[in-house]
Structures are given as structure tokens and as C-alpha cells.
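Since the structure comes first, as C-alpha cells, the remarks are kept for the end.
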Amino acid sequence: MRQSQAFIPTTKEVPAEADIVSHQLLLRAGFIRQTASGIYSFLPLGKKVLQHVETVIREELDALGANEMLMPALQPAELWHQTGRWHAFGSELMRLNDRHDRSFALGATHEEVITSLIKDELNSYKKLPITMYQIQTKYRDEKRPRFGLLRGREFIMKDAYSFHDSYESLDEAYELMYQAYSRIFSRLGLNFRAVIADSGAMGGKDTHEFMALSDVGEDVIAFSDTSSYAANIEMAPTVDSYQESEKKMLPLNKLATPNQKTMQEVADFIGHPLEQGLKTLLFKIDQSFVLVLTRGDHEVNDVKLKNLYQASTVELASEAEAIELLGAGFGSLGPIQSVKGIEIVADYAVKYVRNTTCGANEEGYHYVNVNPGRDFDVTQYADIRFVTEGDPSPDGKGNLQFARGIEIGQVFKLGTFYAEKLDANFLNEQGKAMTLIMGCYGIGVSRTLAAIVEQYHDEKGIVWPKQVTPFQVHLLVMNSKKEEQNELADNLYQLLQSKGITVLYDDRSERAGVKFADSDLIGIPVRITVGKRANDGYVECKLRENGEQSELYHTEVIDYIHNAFE
Ligand code: ATP
Ligand code: MG
């Protein structure tokens, strides 16, 4: 492509709305433009990279025997009513009405559509297992669309769905898809990890998320420093390795603690470490209030709470609710003499605290020398806190470390949730009607593109990995007014293309400095500059990755490029 004819609007300024590198660079290098919050156009370069990411995905899924198809974005509300997700998906689901006032959703995902489609076609075990996939635009009215392509309201997803007559068959497909995902993300050059993830409320069991490691990631991965164990921190269980205290229980005492609100303030006031305190939070789990206790230095993990109660919603109660129910605001809550009938759930670590401190359910007062069992009863002890760095790894090998990750994909054993709701059955070998068993598998295609830029850039711009670069070679002519430079560059342009090499040819009448800066910003792996030595047939070749330069005679260029792309 001749750059003089290309639409590549590069800019020097860092756009004010972009606060992470991938967003800044994709805007500055002319790959994307924002149309509205969380909604983007892919400009020609962006579209090319997208296509390359999609090609890798297609190749790996086709190799599994998955069928590519395309489903509609516009989905009738009735389907979502049947699975209960018209309500459960909440305000993230984009909704609209047609001229006859019939309701539709803009597809946030396609379990409903695919299941209702195949239930009429897949009526026999003989046709199973089967996997379908599509690469398609999804809509989610995210609460906080941000970070450019990382969290959009309109984005591109690869979604796949597999159907089975047994759980063994689902397990096999899951394993194959897991391996295909590993190959896809490796081929895309990403530094990633597959982690154990939360299966949420949709009745599934096993699920893994694929995380591109990055400091801007919204997820925290807990992984063992000695084994391959890795989990989303939401899911990492704590190991009960607490020590029974040898200290004597001291008499309970109520103390005035004026203006001491936070755990740290109270601990400092009383003069003990944070972990000696007891944290009391009032939660609303589905419709019920529950008092949740952890050690002062631990944090409540609401995903674990949600799973413990098999609840659909878990949220902190408001301070007004705490005052009304318990008689005190957030800084003074505690489990002693709390309201009858309110359940108290405590983290395992709480069992081992001795002579701890907690709020007295009276503004400005705390109890000291509090001991669970003696001074209050706990309805149940459970693992309800986030693991902390240094905790023992759940697999018994080593200790946990943390890293941040961007969720680029997820594989999920759904089971029969959707098939049951949508009445999707098949006849087994004995002619008996059975419910279809399902798996689903997503990749955030546009998010993956941004994750690649997060991992591949330097201070000058993007540094595209070879597999996804929009072009293989950036050919620059330094002074397009010089006949000999033009001629050599034109010839090279023709030659490279005839060898099947993709070339962006900067034939614009811009200053050399502008061309170099744009070239670094755009980030194509190989740059070939035709300049002063064109007279003698020499050009300058440079690798974007490491800045390595060499002067080569023009006939050596093809070999140089082939080496670079080996
Ligand atoms: P998240 O937790 O980040 O909101 P999710 O778990 O809701 O994502 P899935 O339903 O698993 O997302 O969708 C499959 C994939 O689609 C995700 O792994 C992610 O890569 C991508 N994805 C999800 N939401 C967005 C979004 N708002 N913008 C871009 N990509 C997204
Ligand atoms: Mg997910």
C-alpha cells in the first residue's frame, strides 16, 4: 500500500481521554478512532491487525473441526426470558424495541440463540459432539467503558459452543479447546497464563480464564512460586494453616474510642497490630442481611461469599441500613449482642484470634479482649477472604505470588443450564430423550489486539509481533524529489510484493524526520529506507524490535526480510 493513498491519521499529541499505553498508541498511530464512549472504528491498519488475529483463531479452531457460522446481533427478548437472563443480565444488556413494540436485545453473548437454533436440528446422539463458532460484534452496556479496546460497549468476540451427549465428551472438547487457546495466544506472541476462574451463577463447573500478563489488567492472578498452580484471586482458596493461640483469654471490656473509625485507627488507638483486630461488615446477600467477619488485616472476597450462599447478588449494606439494624455506623460494628436472627459468617482465621477488638454496635465504642465462642457465636466458619501474597499455595507446593492480568479468553463447562431452559434434547442410543450438555468458549478479539500492544511497545511506539503486524515491511523513500531514490524504492516496492511480502510504502513528500517518527509509531517489524546511497544501490535496513541497523545492497534485501520473519 502506498502511504500517499492510505488513511493513516497519526498524531503527536497524547489524547487526553486515553490513560493506558495501548489506547494512546492505537489512537496516535492511526489504528482506531472513538465514535462514542466504548465504541470504536477500526481504521485500515487496525482492521488489518484484527484480520491477522482472527486468522490465527480461525486456523486453530478449524483444525479442531469447529464450524464457523454467523449469528445475528439482534436477538428477540423471548429467548432471553426463557433462560431468565433478560432479568439476570441486568443493565449490561442493551435493549431496544422494533416498530411493532417487540423487544430485542443486542447480543452480549449467544448461548440463547445457538441453543434454540440447534435444538431443532440436533436430535440424535449420532450428530454429537459438534462445535460451532463465530467471530462477531458483541454489545454490553458496561458500567465503566474504559481503556480503549480493553473494555468497550461494542467489541469483537470469538464465541464458540460445543454440544455433547455425555460429560466425558464435554471434558474432552474442553481440554482440546484449552490447548487450542494456548496455541492461539502463543502464536499471537502473548505472555499469558491460564487460571482457574469463577463459574458464577450459570450452573457450570470447570472454567479457566486466559490472562495476558500486564500491569493495566483489572484481574489479579494468584500463582505458586514453585508449581504451575494459578487462579484468579477471586477463586484462590486459603489453606488452613493458622496456629492456635497460647495466650490466656482476658476479661471482656468496653472502651470509648472517640473518632476512631478505620481498622488501622482503632488498632493504633488500642496499641495492637492490625491482625489483632476483628473486621465486621454488614452485607446484603440476596434479600438477607448477614454479618461478615474477617481478621483485621484480611479482605472479604465477595465471589467466595456469593458462591458460599449460592446467591445471585452480594452487596455491602448501606451505612443507613447498618445504623437502623445494628444501631451504629460502619466504624463501630461488631458481632457481640448483634440483632437476633442475623446470621454471622466468619472467615476461618477468625477462629484463631485471641483477645481481639471489635465494634460495640454503639457509636464511638469498641470491645477489647473479645474471644469468639466465649463472647459471641458464629453461625458458620468458611473460606471467605482473599488470599494474600505469601500465603501457602492451595496445591501444597510453595507460596502464592500475585500478578495482574487482562482476561483475553475464557473456556467454560456450562453443563445443561441453557439446554434445560430452552428444552434442547436429543435421543440417545436407546432412543431416550436426554438434555444436551454444553460448553462455551470466548476470546475477546479486539481486547486481545490491545493486550498485544500493552506487551509490545517502547517509548517511540508500537512494536508489532510478526504474526499480527499490519504489514511486514515499511519501505521509506527519504527524498521523493530525487529521481534515483524514487526509482530504487519503486522497484523494491514491486519486487517485495511480487515475492508475497506485504509492504507499506511511505512515498509521501514528508520530511525524513516525520517519516521515521511515524514509522516507529506504527511499529512494522522491518524498515527499509532508500536514501542518499540509492545512487550506489544501497539501502538501510532496520529491525523495529531491537533497532539493529544494516546497510545492504538492494539485491540482499529479500534474504534479509526472510531472515527477519523466520
Ligand atoms: P470481563 O470480566 O472482563 O467483563 P467477561 O468475563 O464478562 O469479561 P466473557 O463473557 O467471558 O467476558 O466474554 C468472553 C471474552 O470477551 C472475555 O474473555 C473478554 O476477552 C472479552 N470481553 C468481555 N467484555 C468485553 C468488553 N467490554 N470489551 C472488550 N472485550 C470484552
Ligand atoms: Mg469471562
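Ligands are counted one by one from 1 in listed order, and the atoms in each one are counted from 1 as well.
Checked for salt-bridge contact, R58 and D62 miss the test: no charged N lies under 4.0 Å from a carboxylate O. With respect to the salt-bridge test (charged N to carboxylate O, under 4.0 angstrom), the residues D383 and K304 qualify. Between E54 and K158 there is no salt bridge, since none of the side-chain N atoms of the basic residue sits less than 4.0 Å from a carboxylate O of the acidic one. One finds a salt bridge joining K138 and D159 here, because a Lys/Arg side-chain nitrogen approaches an Asp/Glu carboxylate oxygen to under 4.0 Å. For K460 and D458, the salt-bridge test fails: no basic side-chain N is under 4.0 Å from an acidic carboxylate O. Electrostatic pairing of R404 and D215 does not count as a salt bridge here, judged by no charged N lying under 4.0 Å from a carboxylate O.
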Between ligand 1 and the protein, which N/O pairs fall short of 3.5 Å?
from: ligand 1; atom 1: 3 (O); to: R151; atom 2: NH2; distance (Å): 2.8
from: ligand 1; atom 1: 3 (O); to: R447; atom 2: NH1; distance (Å): 3.0
from: ligand 1; atom 1: 3 (O); to: R447; atom 2: NH2; distance (Å): 3.0
from: ligand 1; atom 1: 4 (O); to: R151; atom 2: NH1; distance (Å): 2.9
from: ligand 1; atom 1: 4 (O); to: R151; atom 2: NH2; distance (Å): 3.4
from: ligand 1; atom 1: 6 (O); to: E407; atom 2: OE1; distance (Å): 3.3
from: ligand 1; atom 1: 6 (O); to: E407; atom 2: OE2; distance (Å): 3.3
from: ligand 1; atom 1: 7 (O); to: R140; atom 2: NH1; distance (Å): 3.0
from: ligand 1; atom 1: 10 (O); to: R140; atom 2: NH1; distance (Å): 3.1
from: ligand 1; atom 1: 10 (O); to: R140; atom 2: NH2; distance (Å): 2.9
from: ligand 1; atom 1: 11 (O); to: E407; atom 2: OE2; distance (Å): 3.4
from: ligand 1; atom 1: 11 (O); to: Q410; atom 2: OE1; distance (Å): 3.1
from: ligand 1; atom 1: 12 (O); to: R140; atom 2: NH1; distance (Å): 3.3
from: ligand 1; atom 1: 18 (O); to: E407; atom 2: OE2; distance (Å): 2.6
from: ligand 1; atom 1: 20 (O); to: E407; atom 2: O; distance (Å): 2.9
from: ligand 1; atom 1: 20 (O); to: I408; atom 2: O; distance (Å): 3.3
from: ligand 1; atom 1: 20 (O); to: G444; atom 2: N; distance (Å): 3.3
from: ligand 1; atom 1: 27 (N); to: E142; atom 2: OE2; distance (Å): 2.8
from: ligand 1; atom 1: 27 (N); to: G152; atom 2: O; distance (Å): 2.8
from: ligand 1; atom 1: 28 (N); to: G152; atom 2: N; distance (Å): 3.0
from: ligand 1; atom 1: 30 (N); to: R447; atom 2: NE; distance (Å): 3.4

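For Y174 and H164, the side-chain atoms include no donor-acceptor pair closer than 3.5 Å.
Partner of Y161 under the side-chain contact (heavy atoms from CB on, under 4.5 Å) criterion, out of V113, I118, T109: T109 alone.
When atom types are taken as modelled, the side chain of Q75 and the backbone of H110 share no donor-acceptor pair closer than 3.5 angstrom.
Protein atoms that are N, O or S and lie under 2.8 Å from the Mg ion (ligand 2) are these: E407 OE2, Q410 OE1.
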